[in-house]
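Nothing here was measured: the structure is a model prediction, and the numbers come from that model. Order of the sequence lines sets the chain letters (A, B, ...), proteins ahead of strands, with each chain counted from 1.
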Amino acid sequence: MQQKTRYEPTEVEARVFAEWVEGGYFHPQAEGSPAENFSVAIPPPNVTGALHMGHALNGAMQDALVRMNRMRGRNALWTLGTDHAGIATQAVVEKMLAAEGTSRQEIGREAFVERVWAWKEEYGSRIVEQYKRLGASCDYENERFTLDEGYVRAVYRVFKQLYDKGYIYRDHYMVNWDPGSHSAISDLEVENREVEDTLYSIDYPVEGSDRVLTVATVRPETMLADTAVAVNPGDERYADLVGQHCLLPLLGRRIPVIADEHVDPEFGTGALKITPGHDPNDFEIGRKHGLEEIGVIGPDGRMNEEAGERFAGLSAAEAQEAVVAALREQGRLRDEEPYVHSVPFSERSGARIEPLISLQWFCRMDELAAPAIEVVERDEVRIAPERWKRVYLEWMREIRPWCVSRQLWWGHRIPVWYCDACEETYVAEQPPERCGSCEGPLRQEEDVLDTWFSSALWPFATLGWPDETPQLRAFYPTSFLTTAREILFLWVARMVMMGLEFPGDVPFRDVYVHSVIQARDGRRMSKSLGTGVDPLEEIDKHGADALRFGLLAMSSTQDVRFSDAKVQQGADLANKLWNASRLILLGVAEVEAAPRPRTVEDRWLLSRLEATIASVTAKLEQYDFAHAASEAYAFFWSELCDWYLEIVKPRLYEREEDVSATLLWALERVLGLLHPVMPFVTEEIWSYHPSRRGHLAVHSFPEADESLRDAEAEAEVRAGIELTRRLRAWRDLVEAPAATVLPARAEGVEPQEFVGRLARFEFEPNGGDPVAAVGPVKILASAAIDTAAIEARLEARREELRSEVKRAEGKLGNERFVERAPAEVVEEERQKLERYRAELEELSE
RNA sequence: GGGCGCGUAGCUCAGUGGGAGAGCGCUCGCCUCACACGCGAGAGGUCGCUGGUUCGAACCCAGCCGCGCCCACCA
């Protein structure tokens, strides 16, 4: 420590982390109640994932709270694990197969799933290792995976029970078909983008008449699946046509003209083609009117035989061209114009969603949502910032059935078995041997469950549910959850519903929706845009503590741009901590750390320290990480280092025992206070502290001692600091050489000893004539002072004072202010005015 | 279409009713025996615009302009 004037994080972090793990500090005893303990279930990152800035921020927040609570002596559990991430993981392995010139279809389901497991064993722990780099104090002894054995059991139990309650059912229904991943996806995985398409107007002849109904569409190829034309029931233009039929161009199918409120008479011609098989709105209308549902586009995105010989086999895009050409040929194409509208795309594969009807498994949500709404309304689950509470509630109140099946191979294969012989369906946690009715063989459902179905169970499945484990008793409900707002519905809401339905209690007490860290230029961080900032690179360059401090300091309730300056600030703070600690630890006498105030400055420092502890702690508890970090920084840097250490240096050099004890005490408390934010550097410094009995990670967290607060000392030292500043500014102004000690004489109150020392003034009782006055200090003539500059300085100060006097006079001259403002505000203003006038008078002498 | 958020110093952001702040950057002076990743001193803002409420508005209200996000079934 003696020689190292720089803190080198890379030399420290891996070693310190290993010590923590060896100490077993991250694996708490499963004892006590959830109210006494503290637990967090990490938002499980995808196994395919690499640590990105969102993980790092999220992790820094969780770790700060987990560490603080662990230091407070609570059993603190931070459950770690990964999500099998169906589509993403399957895509990675499919890509590998493609590179080998094969495909999953070629090798078959069983071999494919084996390949994915092999991939997982080899690469799946990458992100876990990356969390360690961050210093995350997760329970690495009990890492979970959403497809591990116990977890699968929980998933099957949940599926079975929801099925038995009648919530889970199978239906032919309109789904978002993702041609990219060849699977249905949920509404929440669809993003709408503005796209310019062509809006085609097509004439549909009315049967037995020479009239036509003109409909508009951006998807003319879907007309092949039209089963009606709809108009608004109040639309007089078409009132007589309702109940009649149109003849579908190209195919000649007879389709009814129906009336439905959904149709906007103002849009286009007021006539709408109805395609229940390929449009979500039309599907609803179709079901309402009992229309036939025809599918002309298959899961492969190609036209099927229903589209007719002429179009079958074409891709949808090709079919569009062909249909338009055919319509034009027949003179049915009335108009085409460019049209900008929003179009659904898959967030997973990026492909344009093909709405189509298919046989899927759904989960009815109304019954599950009701209690999940109540607990949030009653603040049994608190959502912060407050505005997200409303967003959550509004979404929950309009919740729709959840399509839980996915046409993938990687995931929880749906625990349903069919008997082809007698058409029985079995839903079970364990595979049934054979059909109970006909003894025939059973065939398991091919589809797997939506990844989010299993993530929804995360807080309790990781604790051993459905078994009544000690872990579940000790740590469920978990204490809090930090999350990005984009998964509020996808994940958070579903955990609340499942938690209430299965273990029977909320999954967490507090939800903190954190800000999004954008790229430096304000765009979103994204791999594909190349705008991402790699947290591991930042850790390599500046250390994990620096990144953690930076992220917490830049975090906010609103989105913020990634700030290199804040990370640098964190690195600087680590270095400053190191060097201030060197000064203290290498300089102190051999004494016990204890508050031993001898001077007013000691009392000031202790008072400020306790105030800071109280404030920073309160901010951490309120998830106000940014202010917690910057307040701790400001106290340590400015008050402790810039002022107190400079003030007590002479006493420290003499190895005075009082100041030694006080400094050791203050250092211990500062290290403890900062440990949740910067665990590595504080732990490293602690290893040199004479009070050390064990690791800082499990040392007690400082609790503010109100008895050390001292308003008088604070005021007195504040005045001394202010005077020192003014004296320094004065010497800068007259360009006195930095090293020269200037003569001065104090009049009235004698300033504290440190004022002269830190401002480099020597106070003499006598001496010559004063050339200037700074507060109670008369500065005496000396060769080092440029007298011409003094007058300029005086005049500048007088000007400042005149303007202040004028401002205060104006305010106090306002009768209504004096009458209506609170008395103490008016009094304060009066005192200021007096002070300014006095100083002005003094300077004008 | 509905909702939410934001516009404060050159940059990134705090500040939600009583004299405009931080970090970085910039200027000047310092290698003062913990730290030059440092120390000291400064310069720099019509607080998006317009009205209103108030003794008093960056802060509350209304409207407008600009930016971002979420939700939504107008072809």
Side-chain angles (χ1 to χ4, degrees), chain A residues 1 5-7 174 187 192 199-201 215-219 230 262-264 266-275 279-285 339 341-342 355 385 387-388 390-391 394-395 398 485-486 488-489 516 518 520 522-524 542 546 550 553-554 556-566 568-569 571-587 626-627 630 633-634 641-642 645-646 649 652-653 724-725 728-733 735-739 758-760 804 807-808 811 814-822 824-826 828-829 832:
Chain A
M1 186 173 221
T5 61
R6 272 192 189 190
Y7 172 68
M174 173 68 53
D187 294 343
N192 291 294
L199 184 66
Y200 298 92
S201 296
V215 299
T217 182
V218 291
R219 304 280 317 268
H262 173 77
V263 181
D264 176 4
E266 305 292 319
F267 189 93
T269 61
L272 174 63
K273 70 193 264 305
I274 302 297
T275 321
D279 182 281
N281 298 316
D282 296 4
F283 177 78
E284 301 277 338
I285 294 171
Y339 186 70
H341 64 144
S342 75
R387 61 178 181 271
W388 296 105
R390 228 185 79 207
V391 174
E394 280 171 11
W395 183 77
E398 310 236 326
R485 59 174 169 255
E486 68 216 36
L488 190 61
F489 307 137
V516 172
Q518 300 168 327
R520 294 178 245 258
R523 289 188 293 170
R524 51 171 296 183
H542 307 286
M554 75 181 87
S556 163
T557 57
Q558 63 159 322
D559 294 354
V560 287
R561 298 178 183 206
F562 182 80
S563 162
D564 294 289
K566 283 283 192 295
Q568 186 59 50
Q569 198 182 342
D572 292 347
L573 176 58
N575 189 247
K576 188 83 170 174
L577 274 167
W578 174 254
N579 280 297
S581 301
R582 283 176 60 228
L583 173 67
I584 294 169
L585 295 173
L586 300 174
H627 289 104
S630 56
Y633 173 95
C641 292
D642 290 347
L645 288 181
E646 293 305 325
K649 263 181 186 170
L652 184 62
Y653 292 151
T724 308
R725 284 213 164 103
R728 282 168 170 172
W730 188 89
R731 30 175 328 143
D732 240 40
L733 185 100
E735 294 179 344
L758 298 187
R760 295 193 179 236
E804 290 297 340
R807 189 192 56 79
K811 218 166 174 179
N814 181 346
E815 270 174 42
R816 289 190 295 182
F817 169 73
V818 179
E819 259 169 50
R820 303 200 192 184
E824 60 272 20
V825 174
V826 178
E828 205 179 319
E829 205 58 44
K832 281 182 205 163

Name the nucleic acid region contacted by [X], choosing base, sugar-phosphate or nothing; use a 4.0 angstrom heavy-atom cut-off, strictly under.
{"X": "Tyr339(A)", "result": "sugar-phosphate"}
{"X": "Ser556(A)", "result": "sugar-phosphate"}
{"X": "Ala729(A)", "result": "sugar-phosphate"}

[atom1] gap between [N] and [M], integer Å:
{"N": "C47(B)", "M": "G38(B)", "atom1": "P", "value": "33 Å"}
{"N": "C49(B)", "M": "C67(B)", "atom1": "C1'", "value": "15 Å"}
{"N": "G51(B)", "M": "G42(B)", "atom1": "C1'", "value": "39 Å"}
{"N": "C4(B)", "M": "C39(B)", "atom1": "P", "value": "45 Å"}
{"N": "G2(B)", "M": "C73(B)", "atom1": "P", "value": "16 Å"}

Leu645(A) CG to G40(B) C1', in whole Å, measures 16 Å
Would you tell me if any nitrogen or oxygen in the side chain of [X] comes within less than 4.0 Å of OP1 or OP2 on [N]?
{"X": "Arg390(A)", "N": "C4(B)", "answer": "yes"}
{"X": "Arg561(A)", "N": "U12(B)", "answer": "yes"}
{"X": "Arg725(A)", "N": "A41(B)", "answer": "yes"}
{"X": "Lys576(A)", "N": "A36(B)", "answer": "no"}

Review point. Between Trp578(A) and Tyr7(A), how do the two ring planes meet: parallel, tilted or perpendicular, split at 30° and 60°?
Key: tilted
### Message
Can a donor-acceptor pair be found, under 3.5 Å and without considering hydrogens, that links the side chain of Asp279(A) to the backbone of Pro355(A)?
### Response
no
For this session: Measure from the side-chain N and O atoms of Arg760(A) to the backbone N and O of Arg731(A), and report whether any donor-acceptor pair falls under 3.5 Å.
Result: no
List, with names and distances, any nitrogen or oxygen atoms from the protein found under 3.5 Å away from nitrogen or oxygen atoms belonging to nucleotides 23-33 of chain B.
from	atom 1	to	atom 2	distance (Å)
G23(B)	O2'	Gln569(A)	OE1	3.3

Walking RNA chain B from its 5' end, the first of Asp279(A) and Ile584(A) to be reached, judged by nearest nucleotide, is Ile584(A)
